[in-house]
Amino acid sequence: MSRYDAAAIEPKWQQAWETAGTFTATRDESRPKYYVLEMFPYPSGNLHIGHVRNYTMGDVIARYKLSTGHAVLHPMGWDAFGLPAENAAMEKKVHPGAWTYANIASMKQQFSHLGLSLDWSREFATCDPEYYGQQQAMFIDFMERGLVYRKNAVVNWDPVDMTVLANEQVEDGKGWRSGATVERRELTQWFFKISDYSEDLLAALDGLDNWPDKVKLMQRNWIGKSRGLQFAFSLIDGPQGHDRVEVYTTRPDTMLGASFVGISPDHPLAKALEKDSPDLAAFNAECRKMGTAEEEMEKAEKKGFDTGLRVRHPFDTAWELPVYVANFILMDYGTGAIFGCPAHDQRDLDFARKYDLPVISTYAPATDDGMSLPEDGGDAYVPPKTDPVIYVRGFAGDTEQTGTAAIDAAIEFCESKGVGRGVTKYRLRDWGLSRQRYWGCPIPVIHCETCGVVAERKENLPVKLPEDVTFDRPGNPLNWHPTWRDVDCPRCGATAQRETDTMDTFVDSSWYFARFTAPHAATPTVAADAAYWMNVDQYIGGVEHAILHLLYSRFFARAMHACGHLPAAAVEPFDALFTQGMVTHEIYQTEIDWPSSQITVDGVTTHISSGTSRHYHLPEEIEHRDGETFLKSDGRKVTVIPSAKMSKSKKNVVDPADIIRQYGADTARWFVLSDSPPERDVEWTASGAEAASKHLARVWRIVTEAPDAPEAGTGDQDLLREIHKAIHDVTMGIESFGFNTSVARLYAFTATLAKSQAGRAAKLQAARTLAHLMSPMTPHLAEELWAHLGGTGLIANAPWPVADPAMLVDDEVTLPIQINGKRRAEIVVPRDLPKDAVERLVMQTDAVKRALTGGAVPKKIIVVPGRIVNVVV
RNA sequence: GCCCGAGUGGCGGAAUGGUAGACGCAGGGGAUUCAAAAUCCCCCGCCGCAAGGCGUGCCGGUUCGAGUCCGGCCUCGGGUACCA
């Protein structure tokens, strides 16, 4: 046989699988089903190495499950709505739809070379009207069930481009195109009532045994259940209609350490005061000159404005506290107002020092460890709530208590005195789904002057996006389309207008997994198909989706169940979750400074301050010289940012096409699996691809060019044992997502086979086993080997080998001997040798005798059977 | 800022609380060859001639025994609700 020629062999087997329909999923009640799903890609146009890693992992599982007798569903589709298509439309003058579908075609082409076991008959894109029309139908169902509502919410507003910006489009508080300082602006927006499910989404995490703990923990913290006290401070001489300030606190035990009340700039009281105070109006306006991102707000300098108003402390009417408007208080959480306790909150302490407010401890450390108290210039004292502390200003005199106990007692005490009530709150906010953009699923409602907001009739779905739009000005083209908005009211028939907001693309990806079970149906799902295929048995994707996408999907499954689109058993849609690490790559960045300038739009002049814009460069645009990095075009110095998530906007995406072209898909697959543990981030380097290719060629050579062996050889039994051990180890590796260790094990097994002097029969069995164990990872090579070795049918369908437990244990084991925890010798003993016999052998070793000079006796001998012996002297 | 992770040779990494560095890359040496490619074999944590000592980001703790468990840091990565 000649050397292995991937370029010729791989298409042959891809064709064979397609002809045989090997990966077409069919409902088969006689077999257990297995639904394996990788998070579907955004069709950027280029398959990158992270995709190859993600989809190869899923493919290993899918192929393995197929050969263990499951009816496997392994579908693929496209998360096709989103910002990049509109950016491309503006930059390249192409329609977002045309751009997206062209990208899908090109990525599908790239996918086809990888030899993935996908059922392409179920493919769809979320921008297909057949898909988003069903999504609109569900939106209407959700409306009817009260899961959708409208309210005002803030967005990032670019005052020059007169458009809403995504957080990603705000850089250092400025619009990415215009450079104008971004403001917060309120719009009426659509929301899903995910908060109705806060408790359920939290409690059900406990049942997700096959989810990573870190993801469950992140979701728990995100939902953020807290028990606290809601109560009011009475306001002295407040403006008309304001006689109290309602606050929420999770630390009512620190109420007697309060030193100020803070309210959000968006609080109704702040807005009321604004009318008579130009200074406060200016302060509030300044606070609103910031994007909506939580990170930006939390990192901003903490500022306050003394309103001059005072409130009375509920437990001491003579005690007055000042009311500040503070930029770090969110209107979205709690009541939009807090009391500050500087002694036990670092942020409040910083604020108190800045505005010269009192610092009053309510509790102190139970033991004097000499720390500097907050009153004396130290940090805020914030021990874990479970630590006992001494309450010096508690509700029950000087007592030692844990924070948790004191909080419960404080709530009870306050309730008994009629000061507030204990309430449970969640940090989780309702899901704002409105987007003021074209390339998304239209929200299927109509605004009528007489009827108000009315859902579109289901028979009129899908509400399709109009094709004839232009992107020559920023903003949502749906707003200035000549006719699309004009429609008759579905209720009264009067002239009315369509909603022009489209849905957040997270909506699209929150139910696609369910749609794959009946992708072409005229309803969102089909009961029989959903019942058979749901849930997803194994979901695989990037850890960057740990909170939003996964939480939204969990909510959606519940909402779909409430509307009869999913069975009760599917409210947790993903039985098992594996979060793979990201493939990272350096970013090459240059910076350009711009001077300050002014722009006048519609008579309004906006001042643009000077600043810096960042530009990103492709690896081929840069060169390394003298240990530094420069731009090839003009020689400017390039800043190298190491190890960042691959993203198209940062231009650090690695294209796997070269590796596939040069070595074939099997090499690319083998390499990404062997490279690193799947859950870990990897900094991409291509230095191992050559080695992977060599190994596959070696396997081919060893199997096909084996010299004629006698029927029975030496070491047949040893080789048989090795076969079973390899089956066991590789199978365990696959089942536990330890693909890199499975690969390492296969390297070792290949070496064993190459060196074996066993006879023909044993070697044939070993070779077939090797092909089989490699088949989920390098399926083309495995098929070719299988055919060469006279296997029946496709290896893809052949039953997975099973390890015989009796063949896995050796008769003898090597026991390391430690003296005081340091390895000093080892002995080989029968596996079942009793402890006392082991001890006698250990005592006779030279190392132990040397350690016990002068007839000393060991203090202790620890024998861990089959593992280790430790002699303590 | 807050929440969640990660850190082991020159590099990717392995290791149910039980011989740290499996397997692979890079490197060194050798065989084969007229020569090369390809292939095969050997060496390869650090210090030390050796005996031996030191070693899993840093500091401390628990344990007969810690990469692994606990406490405190450092650095890097992800998320932070309109990137997907």
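Note on naming: letters A, B, ... go to the chains in the order of the sequence lines (proteins, then strands), and numbering restarts at 1 for each one. Atoms considered below: every heavy atom in the structure, side chains included; atoms not considered: hydrogens, waters and symmetry mates. Note that the coordinates shown come from a computational prediction; the quantities given were computed from them, not determined experimentally.
Evaluation of atom-type donor-acceptor distances gives no pair under 3.5 Å for the side chain of A/E690 against the base of B/C25. A/E294 contributes a side-chain N or O that forms a donor-acceptor pair with the base of B/G1 under 3.5 Å.
As a whole-Å value, the separation of A/R867 CZ from B/A15 P is 13 Å. Atoms CD (A/E722) and P (B/C23) sit 13 Å apart, rounded to a whole Å. In this structure, A/L696 atom CG and B/C25 atom P are separated by 12 Å, rounded to whole Å.
Base pairing of B/C54: its partner is B/G45, meeting the Watson-Crick or G-U wobble criterion (both donor-acceptor distances under 3.5 Å). As the counterpart of B/G7, B/C74 is assigned, both hydrogen-bonding distances of the Watson-Crick or G-U wobble pattern falling under 3.5 Å.
Taking only side-chain atoms of A/A744, from C-beta outward, the nucleotide of B/A22, B/G1, B/C82 with the closest atom is B/A22. Closest to the side chain of A/R824, from the set B/G13, B/U39, B/G53, is B/G53.
In this model, the phosphate group of B/A84 is approached by a side-chain N or O of A/T505 to a distance below 4.0 Å at OP1 or OP2.
Across the interface with RNA chain B, nearest-nucleotide mapping of A/L548 and A/D213 shows A/D213 to be the residue nearer the 5′ end.
Checking A/D79 against A/T505 by side-chain atom types alone, no donor-acceptor pair falls below 3.5 Å. Side-chain polar atoms of A/D508 and A/Q135 form a donor-acceptor pair below 3.5 angstrom. For the residue pair A/Y539 / A/E38, no side-chain donor-acceptor distance below 3.5 Å is found, with atom types taken as modelled. For the residue pair A/D158 and A/S178, a side-chain donor N or O sits within less than 3.5 Å of a side-chain acceptor on the partner.
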Restricting both atoms to N or O, compile the protein contacts to nucleotides 62-64 of chain B shorter than 3.5 Å, with distance only.
| from | atom 1 | to | atom 2 | distance (Å) |
| --- | --- | --- | --- | --- |
| B/C64 | O2' | A/N870 | ND2 | 3.2 |
| B/C64 | O2 | A/N870 | ND2 | 2.6 |

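A cation-pi contact, defined as under 6.0 Å to the ring centre and within 45° of the axis, is absent between A/K425 and A/Y333.
In this structure, B/G65 shows a glycosidic angle more than 90 degrees from zero, which is the anti conformation.
The environment of A/K151 atom NZ is dense: over 12 non-hydrogen atoms of other residues, nucleotides or ligands sit within 6.0 angstrom. Within 6.0 Å of CD on A/E735 lie more than 12 heavy atoms contributed by other residues, nucleotides or ligands.
Within 4.0 Å of A/Q169, counting heavy atoms only, lies no atom of the nucleic acid at all.
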